[in-house]
Asker: 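Sharing a structure with you now.
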Amino acid sequence: MAKFLTNKEENYSQWYNDLVIKADLAENSAVRGCMIIKPYGYAIWEKIQAELDRLFKATGHVNAYFPLFIPKSFFSKEAAHVAGFAKECAVVTHYRLKNDENGNGIVVDPTAKLEEELIIRPTSETIIWHSYKNWIHSYRDLPILINQWANVVRWEMRTRLFLRTTEFLWQEGHTAHATREEAVEETEKMINVYASFAENSMALPVIKGYKSENERFAGAIDTYAIEALMQDGKALQAGTSHFLGQNFAKAFDVQFTDKTGKLDYVWATSWGVSTRLMGAIIMGHGDNNGLVLPPKLAPIQVVIIPIYKNTEQLSVLSETANKIKADLEAKGISVKYDDRDNNKPGWKFADYELKGVPVRLAIGPRDLENKTIEVARRDTLTKETIPIDKINEFIPKLLDDIQTNIYNKALNFRKENTFFVNTWADFLKTLDNPGGFIMAHWDGTIETEEKIKEESKATIRCIPFDSPDEEGKCIYSGKPSKRRVLFARSY
RNA sequence: CGGGGUGUGGCGCAGUUGGUAGCGUACUACGUUCGGGACGUAGGGGCCGGAAGUUCGAGUCUUCUCACCCCGACCA
């Protein structure tokens, strides 16, 4: 079979880029670092959104929308937060253009300078907490459980489609609570929502854990994260949930009267996932034939391709094909019948494989005669012929099967690429070959973590919630450690 | 910001010692094909990233500039 993609074994990052472009998910735009998400890619994002939105609402959250612009002064209120984001903010300084007097086209009108510059949000904590100050007076106003679907801008030095773009789409939850316990519980609840979404919908196993102090969100007391392992042995942070303590409440002076009449600062959380999840799906499941989409997030779950010699034959086939399509759709399955005449079946087969469509049905005169249909699954690339009258019960099971299979495949891959390492030499060796997740002891200090990062390019991805107590020695400093933490090179 | 690379029809590329731009693919029409990226015939489409210079003549040489991509440091 002809090669349309770079082999991922040859050049993983080239494979990734090729795949994003050729599967028609996204492309680079005229603006540096910003991508155009194309309809097929956006359709996947919409599926992600729909399911997450359902999960957020099921856990009591509501959606709202806050402005894209944040007054500069808001930013300076929380010190750690400023430090974390200041160097990657886009700033609006003027509000008008004019024609250049020297005929150089359109220029910024210098007289239209803003009194106070506006920051294009890199995240919305500040503008949201500014509002919360007005909304919260009593414990009766709490909790506030708000989510926002939005775009944000972070002026990154180097970008990659979906994984790190200057502008990206995400959702950010911002909650306010009366007690520390409740906020911590919310933080945990949401990391669990993310983890179950990753595992159930994206078919990607993730490790839940605490971020080290170094890797924590700017302004958070504690950051929980889910980490997924990509097929090249690098980790991808797929979602974070932050316990913000009273930091933002204090910065924005948000106090409330509790049941006993005492004044206290509000407790906060924030949590988010982004279009980076698209990258996780691509890198987590894709193969050398293209994308492999989990059925639960595939915009097209089943594609039907007719094989015919002339229009009469096509119209006979279409009758059966449309019947199958209607029946499957009645079961809530999204089906595309591709009867376009401009490409041959073989071309379509390859194209839908590239696009990761989980199930392909091919129907031709031979099938019609035998009352059968050819069923091909994307995950295993295997084909079988089954009777048409069985298709209705067969396909839903098959989709479930594929969902489970690719999850198990990813889980096995992670198991095979998770290593328990006890010496620095082994640590370095394992990172280079084969890579993967490394469970190792760490003395708990920032200095050691930074040294490790400097010398190995690996970071502590998280301190897994379920990492058992175990006496050991720090892989780098040799100092005592009480549990292993998760190291990896990451995206 | 450092290192590497690339700018030529929509996309992917070629273009020799300077001589007035070509190939693949895609596109349009017609015909034959159609069970794993079909074929034939005909056709349309490019001031060669930009500016200045050398020259009778520049895609090609010189200088300047802009943009993008890849690899690092930063990050979801």
Side-chain angles (χ1 to χ4, degrees), chain A residues 1-6 11-14 16-18 21-22 24 27-34 83-89 122-123 151-172 194 211 214-218 223 225-228 235-242 270-280 289-290 305-311 313-314 317 339-354 360-370 372-374 376 381 383 385 453-454 457 459 461 489-491:
Chain A
M1 182 175 180
K3 229 178 68 180
F4 301 97
L5 284 175
T6 305
N11 184 343
Y12 194 81
S13 106
Q14 183 73 45
Y16 176 83
N17 277 322
D18 278 8
I21 303 292
K22 293 194 173 153
D24 219 20
E27 63 187 29
N28 282 304
S29 72
V31 183
R32 191 207 78 112
C34 294
F85 287 104
K87 44 191 195 312
E88 52 188 47
C89 285
T123 179
N151 58 338
V152 288
V153 166
R154 295 183 189 175
W155 214 264
E156 301 287 353
M157 298 190 171
R158 226 188 105 228
T159 58
R160 293 191 69 189
L161 294 166
F162 289 117
L163 296 176
R164 194 185 309 104
T165 46
T166 302
E167 177 192 14
F168 57 96
L169 306 183
W170 78 345
Q171 60 67 218
E172 44 182 329
Y194 289 152
K211 283 287 177 186
N214 227 9
E215 299 279 328
R216 225 170 259 162
F217 176 75
T223 290
I226 52 171
E227 294 284 331
L236 185 76
Q237 179 175 306
T240 46
S241 181
H242 315 290
S270 71
W271 28 273
V273 298
S274 71
T275 33
R276 172 178 267 197
L277 292 181
M278 298 282 295
N289 290 316
I305 296 170
I307 296 157
Y308 58 94
K309 290 195 197 303
N310 50 53
T311 46
Q313 229 171 44
L314 176 61
L317 286 169
D339 61 350
R340 289 176 303 169
D341 196 36
N342 52 346
N343 290 311
K344 288 182 51 177
W347 191 94
K348 293 178 186 172
F349 291 177
D351 194 49
Y352 289 107
E353 270 163 27
L354 192 55
R360 180 184 75 232
L361 303 177
I363 183 162
R366 204 199 293 157
D367 293 297
L368 227 45
E369 214 171 287
N370 303 328
T372 59
I373 193 160
E374 182 188 87
L381 293 167
K383 297 188 271 203
T385 302
K453 184 176 177 182
E454 228 170 83
K457 293 194 173 112
T459 49
R461 299 320 305 156
R489 289 191 180 136
S490 76
Y491 278 97

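A note on names: the letters A, B, ... follow the listed sequences, proteins ahead of strands, and every chain is numbered from 1. Small disclaimer: the values here were computed from a predicted structure and weren't measured.
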Asker: With a 3.5 angstrom cut-off on both distances, give the Watson-Crick or G-U wobble partner of B:rC1, or none if there isn't one.
Answerer: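 Its partner is B:rG72 (Watson-Crick or G-U wobble, both distances under 3.5 Å).
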Asker: I want to verify a distance call: between B:rG35, B:rG36, B:rC75, whose nearest atom is closest to the A:A350 side chain?
Answerer: B:rG36
Asker: Starting at atom NE2 of A:H242, determine the distance to atom P of B:rC75, rounded to an integer number of angstrom.
Answerer: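 After rounding, the reported distance stands at 13 Å.
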Asker: Measuring only the C1' atom in each nucleotide, how far is B:rA14 from B:rG59? A whole number of Å is fine.
Answerer: 12 Å
Asker: If I take atom CH2 in residue A:W347 and atom C1' in nucleotide B:rU33, what distance separates them, rounded to the nearest angstrom?
Answerer: 17 Å
Asker: Among B:rC74, B:rC69, B:rG35, which nucleotide has an atom closest to any side-chain atom of A:N28?
Answerer: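 Shortest atom-to-atom distance from the side chain points to B:rC69.
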Asker: Compare the minimum distances between each of B:rC70, B:rG36, B:rG35 and the side chain of A:F349, then state the nucleotide with the smallest one.
Answerer: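 Ranking B:rC70, B:rG36, B:rG35 by closest atom to the A:F349 side chain puts B:rG36 first.
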Asker: Can you tell me which nucleotide in B:rC75, B:rG35, B:rC70 comes closest to the side chain of A:R164?
Answerer: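 The listed nucleotide nearest to A:R164's side chain is B:rC75.
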Asker: Report the base-pairing partner of B:rU55 (Watson-Crick or G-U wobble, both distances below 3.5 angstrom), or none.
Answerer: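 With both distances under 3.5 Å required, B:rU55 matches none.
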Asker: Find the distance A:K344:NZ to B:rG40:C1' and express it as a whole number of Å.
Answerer: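 Answer to the nearest Å: 14 Å.
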Asker: With rounding to the closest Å, how many angstrom separate the C1' atoms on B:rG9 and B:rC23?
Answerer: 12 Å
Asker: Would you kindly give the CD1-to-P distance between A:I373 and B:rG35, to the nearest whole Å?
Answerer: 16 Å
Asker: If you pin A:L161 and A:E167 to their nearest nucleotides in RNA chain B, which one's is more 5'?
Answerer: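 Looking at the nearest nucleotide for each, A:L161 comes out on the 5' side.
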Asker: Using Watson-Crick or G-U wobble geometry with both distances under 3.5 Å, which nucleotide pairs with B:rU17?
Answerer: none
Asker: Given atom CD of A:E454 and atom P of B:rC74, what is their separation to the nearest angstrom?
Answerer: 10 Å
Asker: Please state how far atom CD in A:Q14 lies from atom P in B:rU6, giving the value in whole angstrom units.
Answerer: 15 Å
Asker: Between A:K383 and A:K87, which is nearer to the 5' end of RNA chain B once each is assigned its nearest nucleotide?
Answerer: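 On the 5' side of the pair lies A:K383.
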Asker: Is the A:Y194 ring parallel, tilted or perpendicular to the A:W271 ring (thresholds 30°, 60°)?
Answerer: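 Answer is perpendicular, since the angle exceeds 60°.
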Asker: Show which side-chain atoms of residues 342-349 of chain A pair as donor or acceptor with protein atoms under 3.5 Å away, not counting sequence neighbours.
Answerer:
from	atom 1	to	atom 2	distance (Å)
A:K348	NZ	A:D338	O	3.0
A:K348	NZ	A:R340	O	2.7

Asker: Using whole Å, report how far OH of A:Y16 lies from P of B:rC70.
Answerer: 11 Å
Asker: Tell me what A:K348 touches on the nucleic acid: a base, only sugar-phosphate, or nothing, going by heavy atoms under 4.0 Å.
Answerer: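 No contact at all - A:K348 keeps every heavy atom at 4.0 Å or more from the nucleic acid.
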Asker: Does B:rG40 have a Watson-Crick or wobble partner in any strand here, with both distances under 3.5 angstrom, and which is it?
Answerer: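 Base-paired to B:rC30.
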Asker: Please enumerate all residues that pass side-chain contact (heavy atoms from CB on, under 4.5 Å) together with A:D24, with sequence neighbours excluded.
Answerer: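 For A:D24 the side-chain contact (heavy atoms from CB on, under 4.5 Å) partners, ignoring immediate neighbours, are A:K38, A:K355.
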Asker: So which nucleotide does B:rU6 pair with, by the Watson-Crick or G-U wobble rule with both distances under 3.5 Å?
Answerer: B:rA67
Asker: Look at the side chain of A:E156 and decide which nucleotide, out of B:rC74, B:rG36, B:rG35, has an atom nearest to it.
Answerer: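 Selected nucleotide: B:rC74.
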Asker: Of the options B:rC74, B:rC70, B:rG36, whose atoms approach the side-chain atoms of A:R360 most closely?
Answerer: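 The listed nucleotide nearest to A:R360's side chain is B:rG36.
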Asker: Expressed as a whole number of angstroms, how long is the span from A:R340:CZ to B:rA38:P?
Answerer: 13 Å
Asker: Let's see if you can work this out: which of B:rG72, B:rC34, B:rC70 has an atom nearest to the side-chain heavy atoms of A:K457?
Answerer: B:rG72
